[in-house]
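It should be emphasised that the depicted structure is a prediction, and the values quoted were computed from it without experimental measurement. Order of appearance sets the numbers: ligands from 1, and atoms from 1 within every ligand.
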Amino acid sequence: MSENIRNFCIIAHIDHGKSTLADRFLEIGGAITRNEASASQVLDSMDLERERGITIKAKAVRLNYKSKDGHIYVLNLIDTPGHVDFTYEVAKSLGAVEGAILLVDASQGVEAQSVANYYLARDHNLKIIPVVNKIDLPMADKERVKKQLVDIFGFSESEIIYVSAKEGWGIEDILESIIKQIPPPQGGIDEPLRAFLFDSSYDEFKGVIVYLRVLEGKITKGMEIKLIDKGDFYRVTEIGVFNPRPQEKNSLTAGEVGYICCNIKNPRDVSIPDIVIDKNNPTHKKSFSYRRLPPMVFSGLFPAAVGDYNNLRTAMEKLSLSDPSFVYEPDHLDILGYGFRCGFLGLLHMEIIKERIEREYGIEIILTTPNVRYEVTTKKGTFFVESPYKFPSPQELIEVKEPFVKAVIITPWEFMEPLYELAKKRRGIPRESDYLGQDRMKITFDIPLAEIIVDFYDKVKSVTKGYGSLDYEFIGFRPADIVKVDILFNRKPTGVFSFLVERSKVLERSRLIIEKLKETIPRHMFEINIQAAVGSKIMASVKIPPLRKDVTSKCYGGDITRKRKLWEKQKKGKKKMKMLGQVEVPSRAFLEVLKI
Ligand code: GDP
Ligand code: MG
């Protein structure tokens with residue numbers, strides 16, 4: 001039975017055509033028609049994802065494929081996300097497969113995520129099939145990309161498959177290669193159950209839907225199972241596969257990929273990834289250990305309208321289910337009221353969560369300036385601090401360390417110099433650089449995460465005219481001179497705009513923020529003095545001059561009701577304001593500061 005199964009995923013740099021290729025597979029697998037496929041990319045079920053071209057959630061689909069020699073195969077395709085923040089998500093799905101298709105755009109060539117994903121797949125001992133996509137494009141350069149695949153990864157020319165996912169060229173070649181190259185799953189059917197839980201989603205009626213790959217044995221409806229990580233027991237109420245629509249079954253056996261439901265009401269009861277075993281016949285094989293990536297970027301998230309707090313909490317619960325790398329805890333700030341302190345893998349991850357809350361749940365939110373997590377030592381010990389409000393005073397502080405990443409940039413060689421300059425400005429420490437083929441370079445830096453979470457990616461793109469690509473991974477904490485900067489309005493601390501920054505960057509960051517505030521906060525009846533301060537020392541300041549009072553001057557004579565009406569009208573004009581002391585701050589100001 002498992003001789004006819006192949007489990008695989010597609011790994012690619014963003015926009016190299018993974019979703020499009022997945023659709024072609026689904027057509028051939030008979031699951032959907034070409035019309036359905038072109039109407040929407042089936043694996044990307046969320047609007048937002050489609051818009052951004054990112055598949056955030058890994059999902060599994062089952063394809064039936066009749067090979068050229070007449071055998072019927074079951075191919076399980078696990079969809080993996082491809083963006084720089086989501087390496088962790090990719091890695092989760094790799095535990096469920098034996099092989100991976102490395103998809104590379106024929107016009108772009110190998111990029112940073114191609115390299116990162118390749119090594120992830122290799123670390124999981126997967127059989128990797130190199131595929132060059134978009135050969136229909138006039139700019140396609142098959143020879144160049146072929147050479148890269150050979151030079152960088154050591155593939156042989158004959159293994160490389162050339163396709164156009166858009167035009168549907170070469171799709172069967174990939175499927176035939178999957179059957180021949182990727183080994184069938186190995187686990188024995190007669191052994192005790194051991195299944196790899198790699199994803200989950202939530203259904204209002206069924207509760208948590210758990211995606212799993214059976215490694216050994218068999219899981220059946222009615223079976224009592226144990227989730228190893230939390231140690232809880234459940235009875236399986238439903239089993240099935242996605243074809244891509246759910247299709248119920250009575251069991252899944254070794255090698256198969258599908259879903260189960262067991263009346264798990266609380267998303268938090270499921271850890272991802274995890275191992276599932278049979279309660280009454282537990283396997284004695286040891287479990288596996290998994291490097292769970294901790295959140296690296298933190299920000300406060302508050303409802304713009306106080307009444308939205310409970311809705312927001314519900315939204316966060318649901319989002320964190322489908323995305324365990326997103327974490328949150330309740331928080332309170334004088335000015336913004338009740339909200340949450342959230343942790344994200346990176347800045348893009350943060351933006352996606354924010355947009356999903358606003359779009360899918362219709363809640364308008366305010367995000368505070370993001371920051372990284374510092375390792376702080378005081379007399380009381382060593383602990384992590386994410387929030388500027390919890391940062392110890394200089395007197396208490398013994399040592400601070402900040403997170404560092406190894407950043408890899410792949411770029412045409414002519415942009416090497418400006419990239420080095422950019423990295424230097426961001427406190428980057430150059431490591432090695434290598435030629436990739438004749439025209440490209442791979443440059444590596446150690447660089448503080450704080451320096452790249454905000455707009456580094458955009459900067460890399462603009463410096464390299466769009467040709468550069470970036471990947472990074474956390475390498476550890478290193479000592480740093482970090483200070484807390486407060487933003488004051490008329491000498492009163494605002495709280496919300498406080499941030500932690502490396503000492504050499506205090507002036508630069510402070511100026512940026514106060515200038516943005518000056519641009520976005522409308523004039524008031526009084527002068528607003530905006531200052532950035534470290535402790536009691538003012539580092540920078542700007543002033544917003546008072547409004548000229550001529551709005552009401554044309555009705556002098558003192559008709560107070562007319563004046564009031566004018567004032568009301570003025571107020572309505574400036575929507576979505578937040579009071580910070582005496583000062584009305586538009587939401588836009590928060591967002592602008594956030595973008596810095
Ligand atoms: P993903 O980010 O890897 O999932 O990439 P998508 O499948 O979303 O594709 C990114 C873009 O490339 C889309 O605009 C696709 O229509 C386009 N695309 C994908 N495959 C091909 C192809 O074979 N030829 C051409 N010309 N465009 C393609
Ligand atoms: Mg996609």
Side-chain angles (χ1 to χ4, degrees), residues 8-29 31-32 34-61 63 77-87 89-90 93-94 100-118 120-121 128-142 144-146 149 160-175 177 244 346 348-349 351-352 355 410 457 461 466-467 469-471:
F8 72 103
C9 61
I10 309 170
I11 51 179
H13 192 80
I14 182 137
D15 283 342
H16 283 202
K18 196 172 57 184
S19 302
T20 311
L21 180 63
D23 285 347
R24 292 297 90 78
F25 285 156
L26 292 182
E27 284 166 27
I28 291 199
I32 54 164
R34 178 115 196 176
N35 270 347
E36 275 179 283
S38 57
S40 69
Q41 290 179 343
V42 171
L43 290 194
D44 286 9
S45 57
M46 287 178 282
D47 282 350
L48 179 62
E49 277 185 39
R50 202 168 304 133
E51 221 165 80
R52 290 182 182 250
I54 299 166
T55 306
I56 303 161
K57 288 287 303 144
K59 290 217 176 101
V61 271
L63 319 163
L77 165 59
I78 317 277
D79 196 27
T80 50
H83 189 268
V84 60
D85 285 350
F86 296 99
T87 315
E89 289 261 330
V90 178
S93 345
L94 299 187
I101 292 169
L102 174 65
L103 194 67
V104 179
D105 185 321
S107 65
Q108 305 290 319
V110 170
E111 299 200 61
Q113 281 288 301
S114 326
V115 178
N117 286 329
Y118 169 85
L120 267 180
I128 304 170
I129 300 175
V131 175
V132 178
N133 186 32
K134 307 198 188 181
I135 56 167
D136 60 295
L137 286 176
M139 308 86 91
D141 189 344
K142 281 159 68 169
R144 187 176 76 104
V145 180
K146 176 174 81 186
L149 287 169
I160 303 170
I161 301 171
Y162 300 90
V163 308
S164 164
K166 190 169 161 208
E167 300 298 333
W169 304 341
I171 308 303
E172 290 210 41
D173 296 342
I174 305 179
L175 293 169
S177 173
L348 183 103
H349 188 201
E351 264 180 52
I352 286 170
E355 279 197 45
I410 293 188
Y457 186 66
K461 279 285 168 198
Y467 290 110
S469 58
L470 167 75
D471 182 57

- Item | Other residues, nucleotides, ligands: >12 heavy atoms within 6.0 Å of Y162 OH |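 Yes, enclosed.
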Does any N/O atom on [X] come nearer than 3.5 Å to any N/O atom on ligand 1?
X: I135; value: no
X: S164; value: yes
X: A165; value: yes

Report yes if the side chains of [X] and [Y] come closer than 4.5 Å at any heavy-atom pair, otherwise no.
X: I135; Y: K142; answer: yes
X: D173; Y: V163; answer: no
X: Q113; Y: H16; answer: no
X: D105; Y: D15; answer: no

Side chain, backbone, both or neither: the part of [X] lying under 4.0 Å from ligand 1 by heavy atom:
X: L137; answer: side chain
X: H16; answer: backbone
X: A12; answer: neither
X: D136; answer: side chain

- Which atom names give the shortest non-hydrogen contact between I410 and V110, and what distance separates them? CG2-O, 3.9 Å
- Task: Determine the minimum heavy-atom distance between G168 and R24, stating which atoms define it.
- Result: CA-CD, 3.9 Å
- Note on the structure: D15 heavy atoms within 4.0 Å reach ligand 1 at atoms 1 (P), 2 (O), 3 (O), 5 (O), 10 (C), 12 (O)
- What atoms of ligand 1 come closer than 4.0 angstrom to any heavy atom of K18?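 Those qualifying, in numeric order: 1 (P), 3 (O), 4 (O), 5 (O), 7 (O).
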